[in-house]
2 protein chains.
Amino acid sequence: MSGAQLSDHTVTKHTIHEVARRAKVSITTVSRTINTPSLVDPATAKRVSAAIEELKYYPDTHARSLVSGRSRILGLIVSDITNPFFPELVQGFEDIATRQGYDVLVSSTNYDSARMTLSVRRMLERKVEGVAVMTSEMDDHLIEQFARRSVPMVFLDVGTPGEHISNIVVDYAMGVNEAVAHLVGLGHRRIGFVSGPQDLLSAQARRGAFVRSIEAYGIASDGRLIVQGDHKVTGGLDAMNRLLKLPERPTAVLASNDLTAVGMMRAVRLAGLVVPRDISIVGFDDIWLAEFTEPPLTTVRLSRRELAEKACGALIAGLSAAPRPREYGIETHLVIRESTCPA
Amino acid sequence: MSGAQLSDHTVTKHTIHEVARRAKVSITTVSRTINTPSLVDPATAKRVSAAIEELKYYPDTHARSLVSGRSRILGLIVSDITNPFFPELVQGFEDIATRQGYDVLVSSTNYDSARMTLSVRRMLERKVEGVAVMTSEMDDHLIEQFARRSVPMVFLDVGTPGEHISNIVVDYAMGVNEAVAHLVGLGHRRIGFVSGPQDLLSAQARRGAFVRSIEAYGIASDGRLIVQGDHKVTGGLDAMNRLLKLPERPTAVLASNDLTAVGMMRAVRLAGLVVPRDISIVGFDDIWLAEFTEPPLTTVRLSRRELAEKACGALIAGLSAAPRPREYGIETHLVIRESTCPA
DNA sequence: CTGTTAGCGCCTTCAA
DNA sequence: TTGAAGGCGCTAACAG
């Protein structure tokens, strides 16, 4: 293909050579005034800077990466960017990474393992210096790809800290306990739970925390009161409908995430019942929306900001040769709003 | 800095040379079996592929970019990834770009011009091949940076198609007209509007469309019925409170976006009124949440998918030398749900 | 069909 | 304090 007919007027090439030419120095000097200004005479440095300014020159990252072996890119893999939980995480992660001089390659896999494979491949090709896998699941053989290249990884809940692997473990039990205590304190005994997809580790963890918590309060966990959702609104809606059909329906229900809770509230309303009078509902995550549902949702907060900070921090720490902790904990806490009341 | 103490066991370098060595061919042949398989003997190709497989080799994108001059990265700048409108856009954009072999560098500016500048700079450094600026605003001097480097750009609503610039113009009037017609048909005459921040061009466009539409129906537009929000929930809430305090409050109100409408519904409820019986509400955008509010929100749909397709398409089209349209239109249409009823 | 040879833009010894 | 030279991993002529 001939690129000859491209507009060739004023197509100055913004390379280090051009800068050098203008400043009447060697490219080495230009490179140095950019990377190690201390090693260059202030006067020449000024000339160089002027030339850089004139040309609005920026070094080519690719050339830089090639020679330095460092891409200054971090990968962030999330399961569904459409779930309000993630944009906040992405935002936070980006903030922090950017501040450290890293760019972020985000990838939303949509719970699809083929896409996950694709993402991983793209990240490998871009030579990401670290990957945060915030999907609560990960194919071993993909992990290996990164490990083989000594790329630091950080996972959410999926716990096998190792050579290059950090892990963030969310203390689901803490928040769930607070929620159950709150409910029990309100006089509830028949407490239901709508889980997430059971192949998701974090969903299992949430469910497990619920079962243990309920039993700690001397309430025999009743299998019929635990139904499966999908961490989406529709799943919550369906699940709640099933719960509502029970001969003895629960007086309070915990959701595995807020989206599920939103669906549940809708189901309750559609059944002609009202939250919390007829049934109390507690969510999980505390996405921004929780504050604006009708009624505002009592939920367990899992700070995205903190998650982002720890994930990004783990990666950047993993880049240095220094030893560092491999496991990070995150607490969760109940936020009481108006979707719960006495039984 | 000495990287000597890094674990050096089995740190095979996954370069094209290593593949060549294993397959007992030259690096050129490896390159060819990757890029132009037709030019290489099937038998050797097989050997090479085997070697690639063994090493799990992927070409280094940076080296590739350096020599080809093409980064295969597209930039996507949004104003607030936390607004549910954007994740869907990002998702769609990513899908399409990925399918075309492009990676996406996403940046959320948070309506902050300093961050915008930073984003632009990062994208420049990464040598993005095109930029979609979906913020409905853009600093001229930043535009110039891309233009100078012949990087195709595509904007949303900000309309100055030119050399490397495409523009997507959303037909706000269409959907707004449908909404007003719907309301008028329901007998509403006092129709209010809660706008977005007025420095946002798309917010101005929405507001303008409303005023014109209302007048087309012979309703004198009443300044008191038009109040300003901020395209967020809280802004909608405040705005609606102001509207509610009016001596003669509107019987129906349009919102500049769905988030605003959510806030408005909350305000109405807090005032002890009910939607739509006491007041009808219409949103704009049709984010997924609209379906799950209480009541489900009547709103004007602006397809993110379509937006993503056009934006991405414009960029990729701009990459080829072929002439192409510079302006893309997008229709908007009313989706009637349950937040509107007869006056 | 395959290999040899130049760079792409930049950073980094090594000499001056 | 500066410059010259080599090479990062890869693609693209140009020869065999």
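Computation of the quantities below employed the complete heavy-atom set of this structure, encompassing side-chain atoms and omitting hydrogens, waters and symmetry-equivalent molecules. In this text the structure is predicted, and so the values were computed from the model without any measurement. Letters A, B, ... mirror the listed sequences (proteins, then strands); counts begin at 1.
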Side chains of B/Tyr102 and B/Arg70: donor-acceptor distance under 3.5 Å anywhere?
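On atom types as modelled, these side chains qualify, holding a pair under 3.5 Å.
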Supply the atom-to-atom distance A/Arg126 CZ to B/Ser65 OG, rounded to the nearest 0.5 angstrom.
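If we round to the nearest 0.5 Å, A/Arg126:CZ and B/Ser65:OG are 6.0 Å apart.
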Return the CD to CG distance between B/Gln100 and B/Leu315, rounded to the nearest 0.5 Å.
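Here the interatomic distance stands at 11.0 Å.
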[X] [atom1] - [N] [atom2] separation (whole Å):
X        : N      : atom1 : atom2 : value
A/Leu39  : C/dT12 : CG    : P     : 11 Å
B/Glu125 : C/dC10 : CD    : P     : 11 Å
B/Lys24  : C/dT2  : NZ    : P     : 16 Å
B/Arg21  : C/dG3  : CZ    : C1'   : 18 Å

Test: A/Arg122 and A/Glu125 ion pair at under 4.0 Å:
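Looking at A/Glu125 together with A/Arg122, the answer is no, because their closest N to O distance does not fall below 4.0 Å.
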So which of B/Thr28, B/Asn35, B/Thr33 actually passes side-chain hydrogen bond (donor to acceptor under 3.5 Å, both in side chains) with B/Ser31?
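Only one option passes, and that is B/Asn35.
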Would you indicate what B/Thr44 reaches in the nucleic acid, counting non-hydrogen atoms under 4.0 angstrom: base, sugar-phosphate, or nothing?
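The answer is sugar-phosphate, as B/Thr44 gets under 4.0 Å only of primed atoms, P, OP1 or OP2.
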Please list all pairs meeting side-chain hydrogen bond (donor to acceptor under 3.5 Å, both in side chains) that have one or both residues in residues 305-317 of chain A, counting only residues at least two apart or in different chains.
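side-chain hydrogen bond (donor to acceptor under 3.5 Å, both in side chains) check on residues 305-317 of chain A returns A/Asp95-A/Arg305, A/Glu306-A/Lys310.
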Base contacts versus sugar-phosphate-only contacts with protein, heavy atoms under 4.0 Å: please encode nucleotides 8-16 of chain D as B, S and - from 5' to 3'.
BBSBBB---
